[in-house]
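Residue numbering restarts at 1 for every chain, and letters A, B, ... go by the order of the sequence lines. Only this structure's heavy atoms are used, side chains among them; waters, hydrogens and symmetry mates stay out.
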Amino acid sequence: KAGVTQTPRYLIKTRGQQVTLSCSPISGHRSVSWYQQTPGQGLQFLFEYFSETQRNKGNFPGRFSGRQFSNSRSEMNVSTLELGDSALYLCASSSLAGGGANVLTFGAGSRLTVL
Amino acid sequence: KQEVTQIPAALSVPEGENLVLNCSFTDSAIYNLQWFRQDPGKGLTSLLLIQSSQREQTSGRLNASLDKSSGRSTLYIAASQPGDSATYLCAVYGGATNKLIFGTGTLLAVQP
């Protein structure tokens, strides 16, 4: 079966712009969680969605937001981009709520570069 | 606040050697601990998940142990191969935040 699909894989933006990243989970999975990976901070949890509801949120500013659609696909948005937002953004899906409570399947990530 | 540390940060071994990667965490009130591998420029692949009530899990040449009381886990890789070269990450879930908290990672290079 198809894995977790993230689009776009690479993108370059300039400071002040906004960006939207997309994640399509494995068919049948209703939980999608998002992570930011940077060389300095490592992997950090952004948020988790289950059945279109945000269940948990990490310690990120309000510029970071997300949503989940009825087909379980999820998007995350970062507004007013800063240089420090340059990172690999990973999403993961699982069949049950509580993303970390179960085996997660990760996508290949979206690499964002902010100039 | 949960903190997860992995030692060593990098490791280089010759092919065929058995090796141990270490993971320590500060809050023992976890629900589970997971080990992942990440290949350069790619996402994470789940290797093993150990529930808090378990002591170890095995998958092929991999064995992970968990000692909740001391806040430690080890990942044992038997008969290492060049294809095992990757970054290995541990992550704990549960405690006060119910978030998956990742360790700092160990970059493993297996030399042919």
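A single hydrophobic cluster is not seen to contain both B:F102 and A:V32; linkage of ILVMFWY side chains at heavy-atom distances under 4.5 Å, directly or through other members, places them apart. The same ILVMFWY cluster, assembled from side-chain heavy atoms under 4.5 Å apart, contains both A:V19 and A:V114.
Proximity to chain A involves both the backbone and the side chain of B:K99, based on heavy atoms less than 4.5 angstrom apart. Contact annotation for A:L43: both backbone and side-chain heavy atoms come within less than 4.5 Å of a heavy atom of chain B. For chain B, the nearby part of A:Q37 is the side chain; its heavy atoms alone come within less than 4.5 Å. With a 4.5 Å cut-off on non-hydrogen atoms, B:L48 does not touch chain A at all.
Of the residues considered (B:L49, B:L44, B:I101, B:N32), B:L44 shows the highest number of contacts with chain A, using heavy-atom pairs under 4.5 Å.
The side chain to side chain donor-acceptor pair (under 3.5 Å) test applied to B:E3 returns no partner, not counting sequence neighbours. Not counting sequence neighbours, the partners of B:T74 by the side chain to side chain contact (heavy atoms under 4.5 Å, CB included) test are B:V20, B:N22, B:S65.
Between the side chains of B:R37 and B:T45, no donor-acceptor pair is found at a separation under 3.5 Å. A:S31 and A:E48 are linked by a side-chain donor-acceptor pair at a separation below 3.5 angstrom, with hydrogens and angles left out of the test.
At distances below 3.5 Å, at least one donor-acceptor pair connects side-chain atoms of B:N18 with backbone N or O atoms of B:A79.
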With a 3.5 Å cut-off and sequence neighbours excluded, list the donor-acceptor pairs that the side chains of residues 2-16 of chain A form with protein atoms.
residue : atom : partner : partner atom : Å
A:Q6    : OE1  : A:C91   : N            : 3.0
A:Q6    : OE1  : A:G109  : N            : 3.0
A:Q6    : NE2  : A:Y89   : O            : 2.9
A:R9    : NE   : A:G109  : O            : 3.0
A:T14   : OG1  : A:Q17   : OE1          : 3.2

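For residues 105-112 of chain B, an interface with chain A (any heavy-atom pair closer than 4.5 Å) does not exist.
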